[in-house]
Amino acid sequence: MLKTISSISTQGQRVLLRLDLNVPMEDGAVGDDTRIREAVPTVSFLLNQGSKLILMSHLGRPKGWDLTLSLKPLIPDLERLFKTRVHFFEGAWDESLTEATRSLPEGEILLLENIRFHPEEERNDADFSKQMAELGDLYVNDAFGTLHRAHASTEGVTHFLPSYAGFLVQKEVEVLGRVVKNPERPFALVVGGAKVDTKIGILEHFLGLVDHVLIGGALSTTFLAAQGHPVGTSLFEPDQIETARRFLKEAQDRGVRVHLPLDLVVSETVAEDSITQTVKPDAVLPDHKILDIGTATQDLFAQTIRTMATVIWNGPMGLYELSPFAGGTRAVAQACSNCPGLTVLGGGDTVDAIHHFQMDEKSFSHVSTGGGAMLEFLEGKPLPALERLM
Ligand code: ADP
Ligand code: MG
């Protein structure tokens, strides 16, 4: 059972809160405030109880104290969305910081500088975690996307403070947990994206749960190659052909229907003005690149998805960033939004594609905030930082 904040009282207490404020920045300002808005329920709940919030997050992958990745530019957006005063602590972690947490007025926020500026964070250094624990009376994690990493601010600190999950983590665990433990059927897993080796875990894990597996994206090229089809100059992984073959055999043995592309969008170039053709898998020429699923495949995938009680989708069907190759991903997104069943999607690029098509996240039952964390959760792997909140 997850320990959640709903049943605890934090009035007057210093709550050390780990968020995922890893927002895209544009010209030194927040480019997209989705991640901040997602933290609002937990932040408001804690502030309304009269707690003092000490906020920690990472931003990007700094090597040392890199001020281009400072969290300071987020302050106006945090104040606007969290509706309170946000103080900032950017100095060295000494007694002045502990003092600042104690003198913080109830209902206000103290934001710490990018936690990854400290090399001890990613090393999950025990002394650093202990020092971090001095900054709060209790610890709350609402950064689902970081739970697969054992860092000081996600895992280490939990050894020194009572630790709880925020509402975002709670919701992710409820929805994703339902899909893994008790899915309604018929159930389809839709997988695309770049590489077999990042997706084979989820594909194999779900063989025992799903009725259909729909495979698109660059990943499907390796599966087509495994079936002896030509792939031209497409992105594909020769060293994963055996893995793909093994998966197809196992699926067949278990009676799971695997749908590979029936037709493909190919081009000799990768550009906004590329000239494309739609061909059958056996008609891919040596100078062709496979860049999307064709219209017959779109129809097949859309029809299958629409009749499902549960759909999980991870990974774009093609190189959606360029419009000649966006059709397949758009069709799958639309089919998911029209599906009356439970539709769960996630993955950095999959969610980016939804935004790219200007579709509303509310068109789906659940859009996960975790890329790697979602995949590992769905693969049934224990997430080290989540285990500590149980
Ligand atoms: P996610 O982040 O949603 O898990 P991935 O990172 O696995 O997805 O893959 C997304 C990337 O795969 C996108 O940049 C997309 O352009 C690329 N991609 C998908 N299909 C193809 C293809 N046929 N050829 C080249 N790139 C592709
Ligand atoms: Mg990605």
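Order of listing sets the numbers, starting from 1, for every ligand and every atom in it. The structure displayed is predicted, hence computed values, not measured ones.
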Flag the pair His58 / Leu21 as yes when at least one side-chain heavy-atom distance between them is below 4.5 Å, and no otherwise.
->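 No, side chains not in contact.
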Please confirm whether the backbone N or O of Leu59 pairs with a side-chain atom of Asn22, one donor and one acceptor, at under 3.5 Å?
->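 No, the answer is negative, given that no donor and acceptor are paired below the 3.5 Å cut-off.
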Are the aromatic rings of Phe167 and Phe45 close, with centres under 6.0 Å apart?
->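 Ring centres of Phe45 and Phe167 closer than 6.0 Å.
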Starting from the N and O atoms of ligand 1, collect every protein N/O partner closer than 3.5 Å and put each pair on its own line with the distance to 0.1 Å.
from: ligand 1; atom 1: 2 (O); to: Gly348; atom 2: N; distance (Å): 3.3
from: ligand 1; atom 1: 2 (O); to: Asp349; atom 2: N; distance (Å): 2.8
from: ligand 1; atom 1: 2 (O); to: Asp349; atom 2: OD2; distance (Å): 2.8
from: ligand 1; atom 1: 3 (O); to: Asp349; atom 2: N; distance (Å): 3.3
from: ligand 1; atom 1: 3 (O); to: Thr350; atom 2: N; distance (Å): 2.8
from: ligand 1; atom 1: 3 (O); to: Thr350; atom 2: OG1; distance (Å): 2.5
from: ligand 1; atom 1: 4 (O); to: Lys199; atom 2: NZ; distance (Å): 3.2
from: ligand 1; atom 1: 4 (O); to: Asn314; atom 2: ND2; distance (Å): 3.2
from: ligand 1; atom 1: 6 (O); to: Asp349; atom 2: OD2; distance (Å): 2.9
from: ligand 1; atom 1: 7 (O); to: Ala194; atom 2: N; distance (Å): 3.2
from: ligand 1; atom 1: 7 (O); to: Lys199; atom 2: NZ; distance (Å): 2.7
from: ligand 1; atom 1: 9 (O); to: Ala194; atom 2: N; distance (Å): 3.1
from: ligand 1; atom 1: 14 (O); to: Glu321; atom 2: OE2; distance (Å): 2.6
from: ligand 1; atom 1: 16 (O); to: Glu321; atom 2: OE1; distance (Å): 2.6
from: ligand 1; atom 1: 16 (O); to: Glu321; atom 2: OE2; distance (Å): 3.3
from: ligand 1; atom 1: 20 (N); to: Ala218; atom 2: N; distance (Å): 3.1
from: ligand 1; atom 1: 23 (N); to: Ile290; atom 2: O; distance (Å): 3.1

Applying the 4.5 Å side-chain criterion to the ILVMFWY set and letting contacts propagate, would Phe247 and Leu224 be lumped into a single cluster?
->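 Yes, Phe247 connects to Leu224 through the hydrophobic network.
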Would you list the protein N, O or S atoms within less than 2.8 Å of the Mg ion (ligand 2), leaving out water?
->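 Within the sphere that stays under 2.8 Å of the Mg ion (ligand 2), the protein atoms of type N, O or S are Asp349 OD2.
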Enter the distance from Met56:CE to His118:NE2 here, rounded to the nearest 0.5 Å.
->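 So the CE of Met56 and the NE2 of His118 are separated by 10.5 Å.
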CE on Met390 to CG on Leu383, rounded to 0.5 Å |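 Reported to 0.5 Å precision, the distance equals 8.0 Å.
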State whether Tyr164 and Lys3 meet the cation-pi test: NZ (Lys) or CZ (Arg) under 6.0 Å from the six-membered ring centroid, and within 45° of the perpendicular axis.
->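 Here Lys3 passes the 6.0 Å and 45° test against Tyr164.
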Is it true that Glu174 and Lys171 have a side-chain N and a carboxylate O under 4.0 angstrom from each other?
->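 Judged by the 4.0 Å cut-off on N to carboxylate O distance, Glu174 and Lys171 do not form a salt bridge.
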Charged N to carboxylate O under 4.0 angstrom, Lys72 versus Glu113?
->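 No, Lys72 and Glu113 are not salt-bridged.
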